[in-house]
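Computation of the quantities below employed the complete heavy-atom set of this structure, encompassing side-chain atoms and omitting hydrogens, waters and symmetry-equivalent molecules. Given the structure is predicted, the values throughout are model-derived calculations rather than measurements.
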Amino acid sequence: MNIQTRASFIKESIFFFRTGRFFIVAAVIVGLAVFIPLLIAGMSAFMYAMSDVYDEMGVEVTGMTAMLSENSSVGVSSSASEITGVGLMVLIILLNRAAGGEQKKRTIIIPKSAGLRSFSYLFPKYIVYPLSAFALGFLAMLASFGISVLLFNTNDVLFLNLILAGLLVGSCLALFVCFHLTLGTATGQAGLSATVCIIAAFLLPLTFGLTGSDFIFNPFAMDLLASTTIMSGTLSGSEVMDIIFTILFAKGIMVVTFLIGLFAQNARRIDNSGNDKEL
């Protein structure tokens with residue numbers, strides 16, 4: 001690793017960890033993973049306590065209460081949706097400066113003028129932020145499983161399904177982070193990039209869910225695939241391989257986004273001539 005790349009790794013690590021951004025994202029993502037099962041269990045307990053009142057109103061809530069409080073898969077599956085929804089939105093917003101925001105403030109011009117290569121500038125971004133997002137998503141699913149086992153009556157989540165769902169959630173977060181980095185650094189418009197990525201993250205899964213499209217080999221529906229994986233029973237060997245190939249396909253797209261971002265940076269030119277006029 002050359003000096004430029006090492007220095008860029010240090011720069012990105014300082015930006016993400018020492019400024020507290022990582023801990024904010026971790027608190028939000030892991031907090032959602034714990035809060036959602038608590039919320040569902042609390043709703044179930046509240047409805048059960050108020051069952052007499054509902055009965056007087058002619059509303060039958062016994063079946064719904066039993067359904068909400070019975071299986072841990074309900075809590076874990078719901079957590080996956082919130083982590084890839086609200087958690088992803090917070091993550092993308094907090095990465096605005098790294099995804100082109102520093103270019104808007106022109107803080108990258110001097111290093112580039114001094115010979116900073118595009119590869120050394122971009123490569124650490126595509127390592128530090130996607131890997132952090134992946135790790136947080138995976139750990140959050142484990143945390144959601146742990147709290148759900150304690151709160152719900154029956155643990156119906158298989159360990160293999162949990163691991164696959166965790167990999168899918170982590171890959172989903174990492175993929176959209178890569179999209180944000182590519183669009184933001186290529187255009188220098190971090191706000192625009194964040195808006196596009198957040199809208200895409202919300203609309204694409206909704207579109208695929210409404211159309212009933214197959215989630216396998218669809219990197220834009222990994223959050224939906226994670227939820228259905230949690231709710232599934234024993235998976236066949238072919239189903240497991242399909243999920244693994246979906247994850248690998250998403251990883252391949254992440255590599256492509258880096259190459260696109262690198263091409264865009266190499267194609268850009270920085271004008272440092274100022275107001276100098278040719279004599």
Side-chain angles (χ1 to χ4, degrees), residues 1-26 28-29 84 87-139 169-198 200-201 219-220 222 247-248 250-270:
M1 184 185 300
N2 60 38
I3 296 177
Q4 286 188 354
T5 305
R6 187 181 302 113
S8 292
F9 267 111
I10 295 174
K11 164 184 167 292
E12 302 300 341
S13 298
I14 290 175
F15 166 76
F16 198 35
F17 294 99
R18 291 193 182 179
T19 60
R21 285 174 170 83
F22 171 80
F23 301 103
I24 295 174
V25 172
V28 171
I29 292 178
T84 54
L88 177 61
M89 180 177 66
V90 173
L91 175 60
I92 287 177
I93 291 174
L94 289 179
L95 291 183
N96 270 359
R97 183 179 171 187
E102 58 194 0
Q103 296 179 21
K104 187 175 182 180
K105 296 181 179 180
R106 306 181 72 81
T107 57
I108 198 64
I109 289 182
I110 293 177
K112 269 191 166 293
S113 301
L116 176 63
R117 296 184 303 163
S118 297
F119 179 87
S120 298
Y121 168 62
L122 285 179
F123 181 67
K125 295 179 183 292
Y126 285 84
I127 298 297
V128 173
Y129 304 121
L131 277 182
S132 298
F134 177 84
L136 286 175
F138 184 80
L139 293 176
V169 169
S171 298
C172 180
L173 296 180
L175 179 62
F176 278 99
V177 166
C178 288
F179 286 148
H180 186 31
L181 291 173
T182 298
L183 183 58
T185 56
T187 62
Q189 301 292 328
L192 174 63
S193 174
T195 302
V196 171
C197 290
I198 290 173
F220 302 108
M222 286 190 291
I247 296 171
L248 293 177
K251 301 299 183 186
I253 293 178
M254 295 179 206
V255 175
V256 172
T257 60
F258 167 70
L259 296 176
I260 293 174
L262 184 61
F263 174 80
Q265 281 296 310
N266 288 330
R268 297 180 67 181
R269 294 292 182 266
I270 296 178

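Put simply, the side chain of Q265 never gets that close to the backbone of L122: no donor and acceptor are under 3.5 Å apart. A donor-acceptor pair under 3.5 Å is absent between the side-chain atoms of S193 and the main chain of A190, judged by distance alone. When atom types are taken as modelled, the side chain of S8 and the backbone of Q4 share a donor-acceptor pair closer than 3.5 angstrom. Judged by distance alone, with hydrogens and angles left aside, the side-chain atoms of K125 form a donor-acceptor pair with the main-chain N or O of A98 at under 3.5 Å.
Going from atom CG of L175 over to atom OG of S171 covers 8.5 Å, rounded to the nearest 0.5 Å. Distance CZ/F258 to CZ/F263: 14.0 Å, rounded to 0.5 Å. Rounding to the nearest 0.5 Å places CG of L91 at 8.5 Å from NE2 of H180. Summarising the geometry, atom OH belonging to Y121 is positioned 6.5 Å from atom OG1 belonging to T185; distances are rounded to the nearest 0.5 Å. For the atom pair R21 CZ and I93 CD1, the distance stands at 12.0 Å (nearest 0.5 Å). C172 SG to F134 CZ: the interatomic distance, rounded to the nearest 0.5 Å, is 12.0 Å.
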Exercise for review: Start with the C-alpha gap between F22 and L94, add the side-chain angles, then the distance that decides, and say whether side chain to side chain contact (heavy atoms under 4.5 Å, CB included) holds.
Suggested key: CA-CA 9 Å; F22 171 80; L94 289 179; over 6 Å; no

Exercise for review: Walk me through it: do L173 and I29 pass the test side chain to side chain contact (heavy atoms under 4.5 Å, CB included)?
Suggested key: CA-CA 11 Å; L173 296 180; I29 292 178; 4.0 Å; yes

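Side chains of T257 and L181 form no contact here, defined as non-hydrogen atoms less than 4.5 Å apart. Looking at heavy atoms from C-beta onward, F138 lies out of side-chain contact with V169 at the 4.5 angstrom threshold.
A26 and L136 make their closest contact through CB-CD2, 3.7 Å (heavy atoms, listed as atom of the first residue, atom of the second, distance). For the pair V28 and G87, the tightest heavy-atom approach, listed with the atom from each and the gap, is CG1-CA, 4.3 Å. Nearest heavy atom pair, residue A174 against residue P130, reads CB-O, 3.5 Å. Heavy atoms only, all atoms of each residue included: P219 and I253 are closest at CG-CD1, 3.4 Å.
Classification of the F176-F179 ring pair by plane angle, with boundaries at 30° and 60°, yields perpendicular.
In this model, a donor atom of one side chain and an acceptor atom of the other lie less than 3.5 Å apart for Y126 and T182. Judged purely by distance below 3.5 Å, without hydrogens or angles, the side chains of Y129 and E12 pair a donor atom with an acceptor atom.
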